[in-house]
There are 2 protein chains.
Amino acid sequence: MKLSTRARYGLRALLDLALHQGEGLVQLKWIALRQQISLPYLEHLIRPLVAGGLVKSVRGARGGVTLYKPASEIRLREVIRLLEGPTGLVECVDNPATCERSAVCVVRDVWSAMEEAMVGVLDSMTLQDLVQREETKRQAAMETYCI
Amino acid sequence: MKLSTRARYGLRALLDLALHQGEGLVQLKWIALRQQISLPYLEHLIRPLVAGGLVKSVRGARGGVTLYKPASEIRLREVIRLLEGPTGLVECVDNPATCERSAVCVVRDVWSAMEEAMVGVLDSMTLQDLVQREETKRQAAMETYCI
DNA sequence: ACTAAGTCGATTATCTAAGTCGACAATTCA
DNA sequence: TGAATTGTCGACTTAGATAATCGACTTAGT
């Protein structure tokens with residue numbers, strides 16, 4: 001039960017993008033550099049986010065990417081769903097047909113409850129929340145640094 | 001972010017065992033048969049549960065396995081931990097040293113919250129809860145069948 | 001035109017989970 | 001005692017997914 005690096009890197013990349021919103025288009029290479037992700041790999045991570053309507057990309061010279069909608073309207077649930085694909089924790093939860101026990105399986109209920117709990121957490125957070133936290137943390141770090 | 005078959009099969013096997021508690025020692029081959037898990041594989045699944053003190057095993061002819069303590073004292077969290085190993089959703093949550101960003105990483109906070117939510121669900125359920133649900137469901141199915 | 005970006009698909013590499021097998025140890029029972 | 005039965009253990013193989021790279025392509029600016 002491990003989170004894929006797609007999700008980990010992908011969310012970090014998106015947060016990085018959100019943190020640099022004021023500056024217009026952001027080039028992938030800078031995100032890659034800051035987040036220490038190889039550029040070709042980052043391209044793959046961004047793709048589903050573009051396809052999912054979370055990120056807008058502009059090709060050509062001086063192109064780059066930017067958020068398609070305000071960070072406050074981007075729920076982490078959506079982000080993770082796009083990055084990890086539609087399959088949940090266990091196949092039979094989303095797709096009962098894959099296991100003939102589904103209807104009576106109590107173990108399935110457990111996985112279902114677990115998934116609901118996770119989704120609940122992701123659903124309650126937006127990208128904006130992360131941006132705020134990041135800035136709070138950065139400020140706190142700054143202050144201790146100055147003292 | 002998939003649950004391993006170890007966890008899925010393992011919990012099913014344990015539940016099967018719990019459901020047959022009244023009958024003394026239960027042989028692995030019957031569990032394997034009922035749950036449609038290959039015997040050699042089931043042996044591997046049971047092992048950590050024995051090592052973890054959830055299951056007692058008796059070797060030799062007429063041997064078998066049985067719960068080491070009442071089902072009501074077996075938390076699912078413990079079961080999953082034994083089956084899946086100690087590593088959580090993301091390395092850096094349990095083991096901050098693996099990522100130098102850990103201290104300031106807000107993305108890590110997200111994973112941490114997710115993990116907490118999942119663990120909370122597992123912590124709130126015992127094997128006995130599953131046994132009861134199973135019996136309730138079975139009874140319900142029985143009634144509809146009779147009608 | 002030329003350069004600088006993102007896009008896309010093919011490919012490779014790496015890793016881990018999944019599952020099998022054979023030898024062994026313990027226990028029962030004849 | 002010895003043969004049958006049952007769990008134990010570790011080595012091995014396989015399969016599949018994830019991670020990551022690469023090169024050819026498209027699009028836009030200068």
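The basis for the numbers below is simple: all heavy atoms, side chains too, and nothing from hydrogens, waters or symmetry mates. The chains referred to below are lettered A, B, ... by the order of the sequence lines, with proteins before strands, and numbering in each begins at 1.
Shortest non-hydrogen contact noted between L28(A) and L42(A) is O-CD2, 3.3 Å. Nearest heavy atoms, E115(A) versus L89(A): OE1-N, 3.2 Å. Closest approach of R108(B) and V93(B) over heavy atoms only: NH2-O, 3.5 Å.
One finds the CZ atom of R75(B) at 14.0 Å from the CD1 atom of I80(B) (value rounded to the nearest 0.5 Å).
Rounded to a whole Å, the CZ atom of R62(B) is 13 Å from the P atom of dG7(D). Between the C1' atom of dA4(D) and the CZ atom of R59(B) lies a distance of 15 Å, rounded to the nearest Å. Across the protein-nucleic acid pair, L25(A) atom CG and dG29(D) atom C1' stand 13 Å apart, rounded to whole Å.
The side-chain heavy atoms of K2(B) and V90(A), taken from C-beta on, include no pair separated by under 4.5 Å. Contact annotation: the side chain of R77(B) never approaches that of M125(B) to less than 4.5 Å [non-hydrogen atoms, C-beta and beyond].
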Discussion item. Generate the contact string for nucleotides 13-24 of chain D. Rules: B means base contact, S means sugar-phosphate contact only, - means no protein heavy atom under 4.0 Å.
Written reply: ------SBB---
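A donor-acceptor contact shorter than 3.5 Å links the side chain of D129(B) to the backbone of T126(B).
Judged by distance alone, the side chains of S4(A) and Y9(A) never bring a donor and an acceptor atom under 3.5 Å apart.
The span of DNA chain C lying next to chain A, judged by atoms under 4.0 Å from heavy atoms, is bounded 5' to 3' by dA4(C) to dA10(C).
The residue L28(A) sits close only to the backbone: its heavy atoms come under 4.0 Å of sugar-phosphate atoms, none of a base.
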